[in-house]
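For this chain, numbers begin at 1 and follow the sequence in order. Indexing begins at 1, ligand by ligand and atom by atom, following the structure's order. Keep in mind that what you see is a predicted model, and the values were worked out from it rather than measured.
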Amino acid sequence: MNAAPTLRIVADAGTLAAEAAALVIERARAAVAERGRFMWALSGGATPRATYARLAESPERARMPWEQTWVFFGDERCVPPDHPESNYRMASETLLAKVPVPAGQVFRMRGEAVDAEAAAAEYTRTLAEAFGTRRGELPRFDVILLGFGVDGHTASLFPGSPALKEIFRPVAAVHAAAAALPQRLTLTYPVLNAAACVVFLGSGAEKAKVVKTMLGEHARLPAAMVQPTDGTLLWILDRDAAVLLSPGSAR
Ligand code: 6PG
């Protein structure tokens, strides 16, 4: 049974960052209490920057169990880790370089790899080793943070992409529409939908139209197809991104 999404609408981008940070801390502390560690996949893009910055500052920084936190990525661009477009670089600059998460517990996707398919297979092995899963088993993240584009993509699952049809491989190399070479690496729906908690973050008026579409009843855009089979689905939106939703939509 797919969980109906929980929708939290907050005043602005700053409040969204505070709300998202508080949720990550709550889930992290619960995961460590239950299983001794917190398995967390980060989103790329601009929206989560403020949440990461918030977690790197007091008082949130001290409330996170960094020593027991294991950090992964929902997707990565096919660029080196020091490239301005690298999600790993963004997360390092805003968060990872500022908190005491053990370096051996941060697992980036190798966007710099010449063979993106091999890098996807390598990350699949990385996940299996970190989660201790056997062949055919899926890693179950405690929290996966996701954003979404105005076209309804999430992670690097874009409308029309063959990766949307991937039902076995946890990680795929993605060719942007016209590009000859893979442009991205991404977790696929099987892993996203195996998570204990998926959190979408959305901010800004430019997202309002796609938010209305994606939270509609018959939404088929990639981000709308993320529906944890045995987990929580939460959308945290600021008022501008939620402006086209009917009053009382928050639930
Ligand atoms: C990425 C993300 C991508 C992002 C959306 C929204 O690598 O960029 O995985 O899915 O979340 O494109 O990006 P913004 O937060 O910048 O609007």
Side-chain angles (χ1 to χ4, degrees), residues 10 12-17 19-21 24 40-54 71-96 107-112 116 119-120 123 141 143-161 163-164 166 170-177 179 182-189 191-193 195 198-215 221-226 233-238 240-243:
V10 296
D12 52 33
T15 318
L16 186 148
E19 185 87 10
V24 168
W40 181 22
L42 302 187
S43 169
T47 304
R49 293 180 69 102
T51 299
Y52 300 157
R54 189 74 187 241
V71 175
F72 302 82
F73 287 80
D75 73 326
E76 185 55 276
R77 289 84 181 279
C78 288
V79 294
D82 59 354
H83 189 282
E85 285 190 22
S86 163
N87 288 338
Y88 170 78
R89 173 173 161 175
M90 181 273 285
S92 297
E93 288 174 345
T94 53
L95 177 64
L96 301 177
F107 303 88
R108 66 179 186 86
M109 294 178 172
R110 281 190 342 103
E112 71 276 22
Y123 205 70
F141 281 95
V143 169
I144 299 180
L145 278 187
L146 291 173
F148 54 90
V150 293
D151 63 351
H153 82 262
T154 188
S156 287
L157 297 171
F158 291 90
S161 166
L164 300 177
E166 181 56 60
V171 186
V174 174
H175 295 247
Q183 305 259 298
R184 305 273 187 110
L185 296 167
T186 188
L187 297 183
T188 57
Y189 284 130
V191 176
L192 300 181
N193 289 335
V198 174
V199 185
F200 277 102
L201 304 181
S203 172
E206 72 278 8
K207 299 284 176 76
K209 203 160 166 242
V210 73
V211 162
K212 181 166 176 61
T213 305
M214 287 197 298
L215 291 179
L221 289 171
M225 303 308 287
V226 176
L233 177 59
L234 176 60
W235 288 69
I236 308 180
L237 304 171
D238 69 11
D240 287 345
V243 70

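Shown are L185, N87, T186; of these, the side-chain contact (heavy atoms from CB on, under 4.5 Å) with S156 is made only by T186.
Looking only at protein heavy atoms, the nearest one to atom 6 (C) of ligand 1 is F148 O, 3.4 Å. The closest protein non-hydrogen atom to atom 13 (O) of ligand 1 is G45 CA, 3.9 Å. From the protein, the heavy atom lying nearest to atom 16 (O) of ligand 1 is A46 N, 2.8 Å. Looking from atom 11 (O) of ligand 1 to the surrounding protein, the closest heavy atom is G147 CA, 3.3 Å.
Counting the atoms of ligand 1 from 1 in the order shown, those under 4.0 Å from a heavy atom of H153 are 3 (C), 5 (C), 10 (O), 12 (O). Near A155, the atoms of ligand 1 lying under 4.0 angstrom from a non-hydrogen atom of the residue are 2 (C), 3 (C), 9 (O), 10 (O). Residue-ligand proximity, R184 to ligand 1, at heavy-atom distances under 4.0 Å covers atoms 1 (C), 7 (O). Of all the atoms in ligand 1, the ones that sit under 4.0 Å from a non-hydrogen atom of S43 are 11 (O). Shown in contact with N87 at under 4.0 Å from a heavy atom are these atoms of ligand 1, numbered in order with element: 1 (C), 7 (O). Counting the atoms of ligand 1 from 1 in the order shown, those under 4.0 Å from a heavy atom of K207 are 14 (P), 17 (O). Numbered from 1 in the order shown, with element, the atoms of ligand 1 that lie under 4.0 Å from a heavy atom of D75 read 1 (C), 2 (C), 7 (O), 9 (O).
The two residues P48 and S43 have their closest heavy-atom pair at CG-O, 3.7 Å. Contact record, R54 with G14: NH1-O, 4.1 Å, taken as the closest heavy-atom pair. The shortest heavy-atom contact between M90 and G45 is CE-O, 3.2 Å.
By the criterion of a heavy-atom distance under 4.0 Å, neither the backbone nor the side chain of E76 is placed next to ligand 1. Contacts with ligand 1 closer than 4.0 Å are made by heavy atoms of both the backbone and the side chain of T47.
Residue S156 has no N or O atom closer than 3.5 Å to an N or O atom of ligand 1. Not a single N or O atom of T154, backbone or side chain, sits closer than 3.5 Å to an N or O atom of ligand 1. Here's the thing with G149: none of its N/O atoms is less than 3.5 angstrom from an N/O atom of ligand 1.
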> Taking it one step at a time, do F148 and L221 satisfy side-chain contact (heavy atoms from CB on, under 4.5 Å)?
Replying inline: CA-CA 10 Å; F148 54 90; L221 289 171; over 6 Å; no
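Judged by distance alone, the side chain of R89 and the main-chain N or O of D82 form a donor-acceptor pair under 3.5 Å. Under the 3.5 Å distance criterion, the side-chain polar atoms of Y189 are left unmatched by any main-chain donor or acceptor of L157.
Counting only non-hydrogen atoms, the option in E206, R77, E85 that gets closest to atom 8 (O) of ligand 1 is R77.
Y52 and W40 have perpendicular rings, their planes meeting at more than 60° on a 0 to 90° scale where under 30° would count as parallel. Note on ring orientation: taking the six-membered ring where Trp is involved, the planes of F141 and F72 are perpendicular (angle over 60°, cut-offs 30° and 60°).
Remark: T154 OG1 to L146 CG distance equals 4.0 Å, nearest 0.5 Å.
Residues L187 and V171 meet the side-chain proximity criterion, which asks for heavy atoms closer than 4.5 Å.
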